[in-house]
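In this chain, residues are counted from 1 in sequence order. Atoms within each ligand, like the ligands themselves, are counted from 1 in listed order. Only heavy atoms go into these numbers, but all of them, side chains included; no hydrogens, no water, no symmetry mates.
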Amino acid sequence: MEILDFQPKSWVEPFRIKTIAPLRKISYEERLSALERASYNLFMLRSEDVFIDLLSDSGTSAMSENQWSAMMRGDESYAGSSSFYRFEKSVKDITRFMHIIPTHQGRSAEHILFSTICKPGDVIPNNFHFDTTQANVESSGGDPLNLAISEANYPHLEHPFKGNIDLERLQQTLEEVGTEQIPCVMLTVTNNAVGGQPVSMANIRAVSALCRSYGVPFFLDACRFAENAWFIKQREDGYADRTPLEIAQEMFQYADGCTMSAKKDGLTNIGGFLALNDTELAEKCKQKLILIEGFPTYGGLAGYDMEAIAVGLQEVLQEDYLRYRVESVATLGQKLLDADIPIVRPVGGHAIFVDASTMLPHIPQHQYPAQALGIALYLSAGIRTVELGSVAFARKDSEGREQAAPLELLRLALPRRVYTRSHLDYIADALIHLKHNAAHIQGVRITWEPEQLRHFTARYALCLPSNTEV
Ligand SMILES: *Cc1c(COP(=O)(O)O)cnc(C)c1O
């Protein structure tokens with residue numbers, strides 16, 4: 001009677017809900033006053049004033065019963081805790097790197113790595129540096145160079161591996177800058193900044209070969225390695241029958257090390273690691289770890305955090321999970337596309353990126369259209385998102401003038417295992433509502449900003465519509 005075996009047409013959440021956190025519907029007046037208190041910076045809102053929180057997929061995952069129960073056996077010994085060895089084994093099973101250094105999150109791994117290998121004047125090529133990576137390279141005096149393929153500049157152009165690095169420009173950089181001044185090459189999987197786009201195995205393999213021929217170490221920024229592995233399985237010839245674990249192992253095999261935020265594909269609320277094969281470098285990094293994080297068998301983490309990561313790294317590679325994860329993001333994306341909302345295509349692994357310049361053509365880049373759209377989405381529906389456009393990525397030229405970012409994107413990051421299909425419907429409907437009322441959305445100006453990573457703490461004021469007489 002196998003004919004009776006039901007094959008669902010679409011993805012289903014591969015979990016049931018066991019503990020709930022209530023969501024509070026907030027009135028328009030409350031949202032308006034919360035925004036004013038936050039100086040229109042959505043990072044400054046209290047989470048209790050948010051209905052659906054798409055600010056970040058980082059550290060926002062719901063943990064499984066297996067993770068929670070593993071935490072109960074957390075060994076909090078100062079040195080040599082059994083939790084560390086379980087964590088180390090879990091990381092090594094996937095990455096096969098020799099030295100595993102636990103940190104409290106990804107940026108700490110980046111800081112330890114770059115403050116050790118990067119000197120003033122060095123260049124670190126990447127497909128696209130994440131903001132903390134860029135800042136850590138810069139704070140070591142290095143130049144973070146983004147070499148994404150040119151297709152990544154066109155938000156509406158379909159490409160199966162839009163996260164790839166431009167191999168020709170990478171080779172040219174290795175030739176022109178010289179290997180003395182390139183302490184490593186990095187690849188960010190998936191490429192967060194251009195839309196959570198995957199990097200192909202062919203691209204990873206080619207970067208690896210190029211780096212080896214020039215004798216330059218190659219690191220992965222591996223935050224979303226499992227989502228990247230899933231895209232390779234779906235889209236790249238020869239991988240359909242490989243498991244996500246096998247694909248991930250192959251990805252890591254081409255690299256000499258990685259930085260990782262376990263707050264993403266570790267399915268935990270905190271944690272990260274630096275992993276590498278170079279024993280001498282690992283030793284230097286561990287000395288720095290002791291200085292700023294902790295002893296090498298706990299780094300920046302409690303024993304129970306390492307337990308949760310050890311389990312999370314296994315769960316994140318399960319096929320049912322990855323299908324749900326990637327396809328639920330795609331479902332939201334398709335609803336928006338069906339309503340003619342301009343989003344980065346194809347839809348990436350962890351987020352939808354709305355192209356705010358196209359959606360709000362009346363707002364010029366210097367009035368930060370993506371920030372304006374984020375404010376409007378919160379004000380209209382209580383949904384919190386993040387700007388990844390000129391507020392986050394503009395660079396200053398030598399005279400201190402701002403060079404706009406190539407794209408003005410608003411990111412709707414989906415926390416892992418947190419929201420259901422009806423939440424996705426609510427989000428889509430809210431954006432469609434804004435599309436119909438786009439002309440009423442106002443640009444913003446920055447009234448205060450810090451020196452670095454300004455999007456976290458900048459304050460804003462709304463610009464008056466240009467046709468308004470003051
Ligand atoms: C989140 C992230 C980081 C930094 O990790 P944290 O845990 O937030 O410090 C680095 N790179 C990428 C691609 C990220 O998404």
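Ser108 contributes no side-chain N or O that, together with a main-chain N or O of Gln105, makes up a donor-acceptor pair within less than 3.5 Å.
Here is the list of ligand 1 atoms found below 4.0 Å of a heavy atom in Asn192: 15 (O). In summary, the atoms of ligand 1 found under 4.0 Å from a heavy atom of Lys263, numbered by their order in the structure, are 7 (O). Using a 4.0 Å cut-off to heavy atoms of Thr188, the atoms of ligand 1 that qualify are 13 (C).
Looking at Thr132 next to ligand 1, no N or O pair under 3.5 Å apart turns up. Backbone and side-chain nitrogen or oxygen atoms of Phe130 are examined, and none is located within less than 3.5 angstrom of a nitrogen or oxygen of ligand 1. Considering backbone and side-chain N/O atoms, Lys264 comes within less than 3.5 Å of an N/O atom of ligand 1. In terms of polar-atom proximity, defined here as any N/O pair under 3.5 Å, Ser108 makes no such contact with ligand 1.
Atom 11 (N) of ligand 1 has its closest protein heavy atom at Asp221 OD2, 2.7 Å. Arg107 NH2, 3.0 Å is the protein heavy atom nearest to atom 8 (O) of ligand 1. Looking at atom 10 (C) of ligand 1, its nearest protein heavy atom turns out to be Glu110 OE2, 3.0 Å. Looking at atom 7 (O) of ligand 1, its nearest protein heavy atom turns out to be Ser261 OG, 2.7 Å.
Within the structure, ring pair (Phe, Tyr, Trp, His ring centres under 6.0 Å) contacts touching residues 136-166 (residues at least two apart or in different chains) do not occur.
The pair Asp49-Arg46 does not meet the salt-bridge criterion, since no charged nitrogen lies less than 4.0 angstrom from a carboxylate oxygen.
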Going through the distances and angles, do Asn41 and Trp448 end up as a side-chain contact (heavy atoms from CB on, under 4.5 Å)?
CA-CA 11 Å; Asn41 185 330; Trp448 179 85; over 6 Å; no
Trace of the side chain to side chain donor-acceptor pair (under 3.5 Å) decision for Asp75 with Ser77:
CA-CA 6 Å; Asp75 174 358; Ser77 304; 2.5 Å; yes
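Applying the ring pair (Phe, Tyr, Trp, His ring centres under 6.0 Å) rule to Tyr85 yields no partners; only residues at least two apart in sequence or on another chain are considered.
Note that CD1 of Ile341 is 5.0 Å distant from CG of Leu336, once rounded to the nearest 0.5 Å.
Ligand 1 is approached by Cys223 to a heavy-atom distance shorter than 4.0 Å.
No side-chain N or O of Thr259 forms a donor-acceptor pair with one of Glu110 less than 3.5 Å apart.
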